[in-house]
Colleague: 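Sharing a structure, written as structure tokens. Questions coming.
Every heavy atom of this structure was used, including side-chain atoms; hydrogens, water molecules and symmetry mates were not. Just so you know, these numbers come straight off a predicted model, no measurement behind them.
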Amino acid sequence: MLSESSHFRPAAHPSFAHLRRMTDDTGLIEHALGRIPRRREGYTTDDNARALWTATEWLSFNDATIASDTRDELTRLADIYLAFMLWAQEDDGWFLNNFAYDRTLEPEEVSHDCQGRSIWACADAWIRLRDSHRETARVVFERTLPTFSRIDSLRGQAFAMAACAHVLQADGEDRLDLPLDVKSELHHQLIRLESQLCGAFRDFSDPQWRWFEPALTYSNGVLPWAMLRAYRFTRRSETYRTGIESLSFLIEAMTAEEGWLRPIGNDGWCSSDSEASSRWDQQPLELFKLALALEEAALASKLARQEQSDRLVGSARAGGAGSLHTERGGGVLGRTTLGSDGFRLGDEQLGHYRALSGLCRDWFYGANDLRAPMVDPADGSCCDGLTPYGPNINCGAEAAISYLMTEALCSRK
């Protein structure tokens with residue numbers, strides 16, 4: 001299946017024309033009828049945070065990879081999305097999420113998922129964008145610090161945890177210069193959130209259900225991704241095992257018998273007390289988040305393999321076998337490094353993650369249940385979902401971003 005699906009992939013980078021079409025001087029419009037923006041539906045901070053992340057991701061490619069006119073276009077879009085984030089943030093650090101086309105706030109409750117997603121997008125922009133973008137992103141991000149302890153959704157917590165690790169690692173690599181009070185708060189929140197998410201996995205998982213909650217629902221890949229992103233900074237063995245085991249479980253749940261990927265459909269989800277998974281209303285977002293987790297798994301596993309090697313060398317020099325199960329101020333690799341639970345850290349496993357990332361990309365081009373292309377690379381548009389009757393003809397913001405982000409992640413390989 002891997003070799004058969006390679007013909008679905010286009011040779012060139014996708015166009016950003018549809019993203020530009022969906023963006024006005026306020027921000028990214030949420031929905032479309034076909035490919036035409038439905039202005040009546042207005043904007044969400046969720047989508048503008050995702051769009052800021054997308055612009056940051058593509059702008060972080062080296063200058064030789066992205067044409068100068070494309071880079072200029074993405075820079076202009078980043079301006080708009082960052083301005084939206086600044087506008088949507090209240091004085092207490094929380095983000096409002098839903099806005100009408102006339103820029104008035106729509107009735108809503110606080111979205112904890114939106115808060116975490118926005119925190120991540122601004123942290124990433126602070127670290128990876130250039131010039132004046134970075135200072136604005138820093139201010140917006142630092143305003144969110146008092147909200148971390150009040151985020152009350154798993155995905156919101158996962159994004160906040162990943163952002164803590166991202167910023168602290170950048171500081172350690174001298175890409176940022178954090179004030180001591182900010183650094184201390186981020187350390188505190190990272191350890192707290194890491195413990196909380198590991199605890200959720202312990203509470204809900206069993207030998208047959210290796211997950212953080214009693215159902216696989218939406219944006220599932222965010223949870224293993226965040227665990228593995230945190231591991232790259234904290235080096236805690238439980239965090240690594242939780243990330244790898246939950247990712248392995250998700251891959252199994254999302255793989256069709258025929259070999260291609262089948263996202264958990266949002267027409268029913270998949271619960272721990274049922275053997276069946278919802279097949280339809282497959283969402284492009286699930287492929288993006290799985291590709292994100294797979295990329296992080298490759299990075300974390302490479303680091304884990306090096307840590308194992310260093311520890312074994314150190315143990316040999318000390319004249320003893322040592323123990324790979326002893327915590328070491330931020331973690332060693334535990335049983336997963338030895339393969340005793342079926343996970344491998346060699347080149348074969350890293351290659352497996354890369355190949356699965358390719359399948360995420362191929363789903364958009366027709367390697368799916370209906371063999372139906374979901375995207376038009378000529379303008380970068382993507383259908384909102386895959387139904388039993390074919391692709392949803394509407395091409396909204398979330399779908400386009402999911403496609404563009406999956407392309408970016410896979411193009412780095």
Colleague: What is the ring orientation for Phe84 with Trp87, classed by angle as parallel under 30°, tilted 30 to 60°, or perpendicular over 60°?
Modeller: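 Correct class here is perpendicular.
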Colleague: Do Glu238 and Arg202 have side chains that get closer than 4.5 Å, going by heavy atoms?
Modeller: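 The answer is yes, as the side chains (C-beta and beyond) meet within the 4.5 Å cut-off.
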Colleague: Is it true that Glu286 and Lys289 make a salt bridge, defined as a side-chain N closer than 4.0 Å to a carboxylate O?
Modeller: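 Looking at Lys289 together with Glu286, the answer is no, because their closest N to O distance does not fall below 4.0 Å.
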Colleague: What I'd like to find out is whether the side chain of Phe288 reaches to under 4.5 Å of the side chain of Cys360, using heavy atoms alone.
Modeller: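 When only atoms from C-beta onward are counted, Cys360 and Phe288 do not touch, as no gap falls below 4.5 Å.
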Colleague: What are the two closest non-hydrogen atoms of Ala158 and Leu197, and how far apart are they?
Modeller: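 Distance-wise, the nearest heavy atoms are CA-CD1, 3.9 Å.
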Colleague: Given side chains that start at C-beta, do those of Tyr403 and Pro284 come closer than 4.5 Å, heavy atoms only?
Modeller: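 They are not in contact (no side-chain heavy atoms under 4.5 Å apart), so the answer is no.
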Colleague: Name the one of His31, Glu30, Met22 that satisfies side chain to side chain contact (heavy atoms under 4.5 Å, CB included) with Asp47?
Modeller: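 It is Glu30; the other options fail the test.
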Colleague: Find the distance between CG (Leu290) and CD1 (Ile251) and round it off to the nearest 0.5 Å.
Modeller: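 One finds 6.0 Å between CG of Leu290 and CD1 of Ile251.
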Colleague: Quick one: CZ on Phe201 to CZ on Arg241, what's the gap to the nearest 0.5 Å?
Modeller: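 Going from the CZ atom of Phe201 to the CZ atom of Arg241 covers 10.0 Å.
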Colleague: Scan residues 105-126 for pairs that pass salt bridge (Lys or Arg N to Asp or Glu O under 4.0 Å), counting only residues two or more places apart or in two chains.
Modeller: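 The answer is Asp46-Arg117, Asp124-Arg128.
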Colleague: For a 4.5 angstrom cut-off between non-hydrogen side-chain atoms, does Leu287 reach Arg361?
Modeller: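 Of all side-chain heavy-atom pairs linking Arg361 with Leu287, none is under 4.5 Å.
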Colleague: Any donor and acceptor pair, going by atom type alone, linking the side chain of Ser246 with main-chain N or O of Gly243 inside 3.5 Å?
Modeller: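 Such a contact is found between Ser246 side chain and Gly243 backbone.
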Colleague: Count the heavy atoms belonging to other residues, nucleotides or ligands that lie under 6.0 Å from CG of Asp91, then report whether that count exceeds 12.
Modeller: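 Counting other residues, nucleotides and ligands, CG of Asp91 stays at 12 neighbours or fewer.
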Colleague: Looking at every non-hydrogen atom in both residues, tell me the closest pair between His112 and Asp152 and how far apart they are.
Modeller: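 Distance-wise, the nearest heavy atoms are ND1-N, 2.9 Å.
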Colleague: Would you check if Tyr231 and Ser237 make a side-chain contact, meaning some heavy-atom pair closer than 4.5 Å?
Modeller: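 They are not in contact (no side-chain heavy atoms under 4.5 Å apart), so the answer is no.
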Colleague: Is Asp281 reaching over with its side chain to a backbone N or O of Thr387, donor-acceptor style, under 3.5 angstrom?
Modeller: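 No; zero donor-acceptor contacts below 3.5 Å.
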Colleague: Just to verify, what does Glu398 make a salt bridge (Lys or Arg N to Asp or Glu O under 4.0 Å) with, not counting sequence neighbours?
Modeller: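 Salt bridge (Lys or Arg N to Asp or Glu O under 4.0 Å) list for Glu398, sorted by chain: Arg50.
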Colleague: Would you call Arg39 and Asp24 a salt bridge, taking side-chain N to carboxylate O under 4.0 Å as the test?
Modeller: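 Between Asp24 and Arg39 there is no salt bridge, as every charged N stays at least 4.0 Å from the carboxylate O atoms.
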Colleague: Any idea which heavy atoms bring Leu186 and Leu145 closest together, and the distance?
Modeller: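 Heavy atoms of Leu186 and Leu145 come nearest at CD2-CD2, 3.6 Å.
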Colleague: Less than 6.0 angstrom separating the ring centers of Tyr81 and Trp53, yes or no?
Modeller: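 Judged by ring-centre distance (under 6.0 Å), Tyr81 and Trp53 do not meet the cut-off.
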Colleague: Quick one: does Gln115's side chain have a donor or acceptor within less than 3.5 Å of a partner on Ile151's backbone?
Modeller: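 Side chain of Gln115 to backbone of Ile151: no pair is present.
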Colleague: Could you work out, with side-chain hydrogen bond (donor to acceptor under 3.5 Å, both in side chains) as the rule, every residue matching Asn266, not counting sequence neighbours?
Modeller: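 Counting only residues at least two positions away or on another chain, Asn266 forms no side-chain hydrogen bond (donor to acceptor under 3.5 Å, both in side chains).
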Colleague: Return yes if some donor-acceptor pair links the side-chain N/O of Asp131 with the main-chain N/O of His133 below 3.5 Å, else return no.
Modeller: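 No.
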Colleague: Working to the nearest 0.5 angstrom, can you tell me the gap between Thr242 OG1 and Trp211 CH2?
Modeller: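 Output value for this atom pair is 11.5 Å.
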Colleague: Taking the side chain from Asp177 and the backbone from Asp174, do they hold a donor-acceptor pair closer than 3.5 Å?
Modeller: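 No, the answer is negative, given that no donor and acceptor are paired below the 3.5 Å cut-off.
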Colleague: To the nearest 0.5 Å, how far apart are OG in Ser149 and CD in Gln157?
Modeller: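 So the gap between those two atoms works out to 10.5 Å.
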Colleague: Would you say the side-chain atoms of Trp58 pair up with the backbone N or O of Thr70, donor to acceptor, closer than 3.5 Å?
Modeller: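 Pair absent, no side-chain N/O of Trp58 close to backbone of Thr70.
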Colleague: Between CZ of Arg71 and CZ of Phe61, what distance do you get to the nearest 0.5 Å?
Modeller: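 The CZ atom of Phe61 is 9.5 Å from CZ of Arg71, to the nearest 0.5 Å.
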Colleague: Looking only at non-hydrogen atoms, find the nearest pair between Gly385 and Gln283 and report the distance.
Modeller: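 Nearest heavy atoms, Gly385 then Gln283: CA-NE2, 4.3 Å.
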Colleague: Between the side chains of Arg210 and Ser248, does any donor sit under 3.5 Å from an acceptor?
Modeller: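 The answer is no; no qualifying pair exists.
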Colleague: Go through the structure and list residues passing side-chain hydrogen bond (donor to acceptor under 3.5 Å, both in side chains) with Asp102, not counting sequence neighbours.
Modeller: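 Asp102: side-chain hydrogen bond (donor to acceptor under 3.5 Å, both in side chains) contacts with Thr104.
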Colleague: Spell out, as yes or no, whether a donor-acceptor pair under 3.5 Å connects the side chain of Asn97 to the backbone of Thr44.
Modeller: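 Checked: no pair found.
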Colleague: Is there a side-chain contact between Thr406 and Trp363, using heavy atoms and a 4.5 Å cut-off?
Modeller: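 When only atoms from C-beta onward are counted, Trp363 and Thr406 do not touch, as no gap falls below 4.5 Å.
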Colleague: Taking only residues at least two apart or on different chains, which pairs with a member in residues 181-193 satisfy salt bridge (Lys or Arg N to Asp or Glu O under 4.0 Å)?
Modeller: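 Qualifying pairs: Asp171-Lys183.
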Colleague: Any chance the side chains of Arg229 and His166 put a donor and an acceptor closer than 3.5 Å?
Modeller: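 His166 and Arg229 do have a side-chain donor-acceptor pair below 3.5 Å.
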Colleague: Could you give the distance from CG (Leu77) to CG (Asp72), rounded to the nearest 0.5 Å?
Modeller: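 So the CG of Leu77 and the CG of Asp72 are separated by 11.0 Å.
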Colleague: Checking Asn392 side chain against Cys383 main chain: does a donor-acceptor pair fall under 3.5 Å?
Modeller: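 No, because the side chain of Asn392 does not come within donor-acceptor range (under 3.5 Å) of the backbone of Cys383.
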Colleague: For a 4.5 angstrom cut-off between non-hydrogen side-chain atoms, does Val110 reach Arg150?
Modeller: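 They are not in contact (no side-chain heavy atoms under 4.5 Å apart), so the answer is no.
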Colleague: Indicate yes or no for a side-chain donor-acceptor contact from Arg155 to the backbone of Gly116 under 3.5 Å, with no hydrogens or angles considered.
Modeller: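 Such a contact is absent between Arg155 side chain and Gly116 backbone.
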Colleague: Just checking Glu173: does its CD atom have more than 12 heavy atoms from other residues, nucleotides or ligands closer to it than 6.0 angstrom?
Modeller: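 Enclosed.
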Colleague: Can you find a heavy atom in the side chain of Leu409 that is under 4.5 Å from one in the side chain of Leu294?
Modeller: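 Not in contact.
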Colleague: Minimum heavy-atom separation for Cys122 to Phe95, with atom names?
Modeller: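 For Cys122 and Phe95, the tightest heavy-atom pair comes out as SG-CZ, 4.5 Å.
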Colleague: Any pair with a residue in residues 135-158 that passes ring pair (Phe, Tyr, Trp, His ring centres under 6.0 Å), sequence neighbours left out, goes on the list, sorted by first then second residue, please.
Modeller: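 Ring pair (Phe, Tyr, Trp, His ring centres under 6.0 Å) check on residues 135-158 returns Trp126-Phe141.
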Colleague: Indicate yes or no for a side-chain donor-acceptor contact from Ser219 to the backbone of Val222 under 3.5 Å, with no hydrogens or angles considered.
Modeller: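 No, the answer is negative, given that no donor and acceptor are paired below the 3.5 Å cut-off.
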Colleague: Taking all non-hydrogen atoms of both residues into account, name the closest pair between Gly380 and His18 and its distance.
Modeller: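 Residues Gly380 and His18, closest heavy atoms: C-CB, 3.9 Å.
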